[in-house]
Each structure stands twice: as structure tokens, then as C-alpha cells.
> 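Have a look at this one before I ask anything.
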Amino acid sequence: MLPIRTLLALGLPLFAQHASAQDRAVQFADWPNASAVVFAQGAWVEHRGAITPEGNTFEFVLDGLTQQVDPHSIQTELPEGWRLVGAQFSVGVRPEVEAEVAAFSADVASEIADLQATINMRQALQAVYVEELAMLQSNRQLSHHETLLVEDLQEAADFWRNRIKELKYKQLELTEEVLSLEQQVDDLQAELRTAHARLSAVSGQIRLRLFAPSTSPGAITVRYLTQAAQWRPEYDVAIAADGSIVFNRFAAVTQATGSTWEGIPIEFVVGNPMNSLAPPPFERWVLRERQQVVGATSWGYGAAPERGGVPAEMDDFEAPLSWEAELQPRPAAPEVFSSDRYRFEPALPPVIAGTGRSERVHIEAFELQGELSYLLIPYASDEAYQLATSDRWAASRLLPGRVQVEAGGAYRGWFDLVLPAPGDTLVIPIGQDPQVRSRRERQADRCTSSAFGGKQKSE
């Protein structure tokens, strides 16, 4: 079956709060990225996978997405006969994760309560031993009025010694047991915090309500616009001795979607990602018949006026030389529309971490014919600045960006490339040449001064 595209319109209904038993079937999936189209600010991200309907109407949740998703940009491609009933974007965790954390938390809380009760009992017993030990220590002195036999004194000393030792040992055992129980409580509380961290690690979720005519599996595609990715052009330039300029084009990419882009098709596009949803603005041209001379007809063109009447610019219109010539539109201010965008594909599938770290991706290498020259400014400096120039750069799809320059096998530095106007010469500064110096000297004094009739004249 051929897939058909269904675009999510702003007026699509969202999900009802109460659904029938047939509508309660919810499928969760965490599909990896299938492709990405990155713009200067924003990116279109696409996911693809297969699902098996559970009833004619069911809910499907694409989980594990970035939290920065434009809900109005969500698009889907569905198999033939399927229909998108509603869609919404939210941030949260899966219900089964919440259930697992809740059950685990209840078990851990019960176990911690049992351990705490045991700790309290051991601490109470330890307090009893402390009291008994204090009592024995307070009664260890004999009164001078008492007369005891040696055997009785020996028996009392043995009793006191053995009981004190026994109490000390029991206190030590209880202390070690309480410390072990408290360590178990700390470990359980750490596990509880780890479990609760799963609830705080929320991700974006696209929830779709779909209608399927049968329970046969089908492949669907979901794409959306996110502001969590961007790129900018960069170049490495090598200047040869004959003046030729070798460019290596790079894309400095950052994306913070939380998932790594690895081994997927990636495009780098110039322009606004939202412009792809609507046609570019344009003027409506109207071809009008105009009687110029008796027996002859000419044609004029112009923007359609807001109110009736002939456009003012047609008053001075002269008859065109040919039909083809008059159909050419008037030159307008250059604008970048969807059809004028530059698209770049990397030479090899890149690996771009989803942590927001900048990655430099190589796109392509190309060469421009050029020549070397010097720029001398003797009134300001005696240095000679070497330049590489080229007037054949227009077809190379250059963009403003940082350029790192290498010449003569040495790194010369970097500069921010500002493109010249179309038809002008592209200039790549190479830096100062230590072997060339410039100076200026006055060769002749051509200044004259004269006075006539009370007036002073200087040339």
C-alpha cells in the first residue's frame, strides 16, 4: 500500500477526556531518529516505524523526544486508509514507569519502616544495658562497716567483672547492629531517590489518535520542528603559490535533543524552517490590453492595483519589442525563499551528540581560481598585506562564516567572511608578508602660495 501524507492542521481535534473501551488501547514506542534537516535555527526531525493497530481507533505515543517541539509543526505519513483523528504534544513519563516507581517506592518505604522499628528496639535495649552498667558502677564500693570473707570478696569481684564485660560486649554488638541497620536504611533511601529521578527525567511525547480500517500492521512517519538544533558555516582555506584557493566547507552543529544523531541522513539548509510550510510572498502580475495607435495593439504589465484603474507605471510604458520581452518580471529586491535555499549534505554520516556540544562536520571541498596580490597603505603602515582574490566565486554557494587560512604550509589565522556583492571580487586576506615593505617619500614640493589684492591663494 502506498503511504499518503496527512498534515496536522491547527483545527484537528484533541483527545476526549472520556473514551470508550475500544479507544483505551495505547501503544508506546521510542523510535530512534530516522533523519534530520538542520537550519540556522531549528531542525526538522523525522522518526519512522511500524505499528499494529489494536482496534479501529487507538492511541499511539512516540516517546523519548526532546522537550522543545513545536506542537503546530507535527506532521504524519500514514498508510492508505488510515486517518489521523487527533494529535497533541506533552512532556512527561510513561504510565508504566510511574506505576513501577510507585510500587517500588511502596515496597522500599515498608522495608525502611521495618528497619527503623528494629533500630528503635536495639537502641532501647542498649539504653537498658547502659542503666544496668551505671547501677553496677555506683554499687561497686563496699562499706567499711561490712566484713566479708576472702571467698565472698572474690566471688563478688568475679561477678562484677563478668557482668561488666558481658554488658560491654552486648553494647558493642548492639552498636554494630544499629550501624548496619542504619546503613541499610541509607542504601534504600538512595535507591528510592534513584527511582524518583526516573520521574523527573521527563521527555517529550507526541500522542496520536489514529483510525485504521483493519488490524494489519502499517508503517508511519512522524516529523516535527524543534528549536534544539542549529548550524553555522565554517571554512578551512588553503592558498597555493599560484593563487588558487582550496576551500573545505564545514558545518558547526549543535543539538540538545537528548539523543545522539548517528548514522542517519542529515542535511544542512539555509533559511527559515517555517518558510517551507507556505509559499513565498509574491505579486500578482496582470497582463492588460492597451490601445497605443490606430490599428495597433500593445501589451503592458504591472502589479494589480488595490482599487480599479490602470497602474500608474503604465502611463509611460512603451511598446515592447517582442512578446517574450514584455513577459519578463521587473527586477525585485533579492530575497531568500524556499526555492532559493542552499542544501548541503555531509561527506560521511556524522555523529552528533545530543548534549549541545558543538560538532564540526565536513561537507565538501572545492577549488576557486584566484591570484595573489598585495595591499599597500604606506601612509598608515610600512607592512605589505597579501591577498588572494577570485572573481569566480558566485557558483560556489559560499555563505558568511568563519574562515581559517593556511598559506605556505603555515596557519595564518582566521577572519569572518563577508560576501561581496554579486559580480565583485572575493578577497581572502593572508596576512602580512615580512619580506615586503612599503614607504612613501615626497618627491617634489608642488605647493605654491601667492597674494594678490589682499587675497591669499594656496595650491
> Is the backbone N or O of V269 less than 3.5 Å from a side-chain atom of W231, with the two atoms forming a donor-acceptor pair by type?
yes
> For a quick check under 3.5 Å, do T226 and D70 share a side-chain donor-acceptor pair by atom type?
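There is no such pair between these side chains.
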> Charged N to carboxylate O under 4.0 angstrom, E364 versus R397?
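Yes.
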> Strictly by modelled atom types, are H47 and T221 linked by a side-chain donor-acceptor pair under 3.5 Å?
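Absent: no donor and acceptor within the cut-off.
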> Step through the shown structure and confirm whether more than 12 heavy atoms of other residues, nucleotides or ligands are within 6.0 Å of OH on Y379.
no
> Tell me whether the guanidinium CZ or amine NZ of R249 lies under 6.0 angstrom from the six-membered ring centre of Y235 and within 45° of its axis.
no
> Centres of the W31 and F60 rings: under 6.0 Å?
yes
> I'd like to know if the side chain of Y224 pairs up with that of Q75 as donor and acceptor (distance under 3.5 Å, no hydrogens or angles considered).
no
> Check whether T260 reaches the backbone of E262 with its side chain - one donor and one acceptor, N or O, closer than 3.5 Å.
no
> Any donor-acceptor pair under 3.5 Å linking the side-chain atoms of T175 with those of Q126?
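Judged by distance alone, the side chains do pair up.
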> For the residue pair W82 and F58, categorise the inter-ring angle as parallel (less than 30°), tilted (30 to 60°) or perpendicular (more than 60°).
perpendicular
> When you check the gap from the basic side-chain N to the acidic O, do E191 and R193 get nearer than 4.0 Å?
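Salt bridge absent between E191 and R193.
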> Is the NZ or CZ atom of R402 positioned over W414's six-membered ring, under 6.0 angstrom from the centre and within 45° of the axis?
yes
> Checking Q255 side chain against S259 main chain: does a donor-acceptor pair fall under 3.5 Å?
yes
> Work out which heavy atom in T254 is nearest to a heavy atom in S358; give both atom names and the distance.
CG2-CA, 3.4 Å
> Take atom CZ in R437; do more than 12 heavy atoms of anything else shown fall under 6.0 Å from it?
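Yes, CZ of R437 has more than 12 neighbouring heavy atoms, counting only those of other groups under 6.0 Å.
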> Any side-chain heavy-atom pair from Q41 and Q227 closer than 4.5 angstrom?
yes
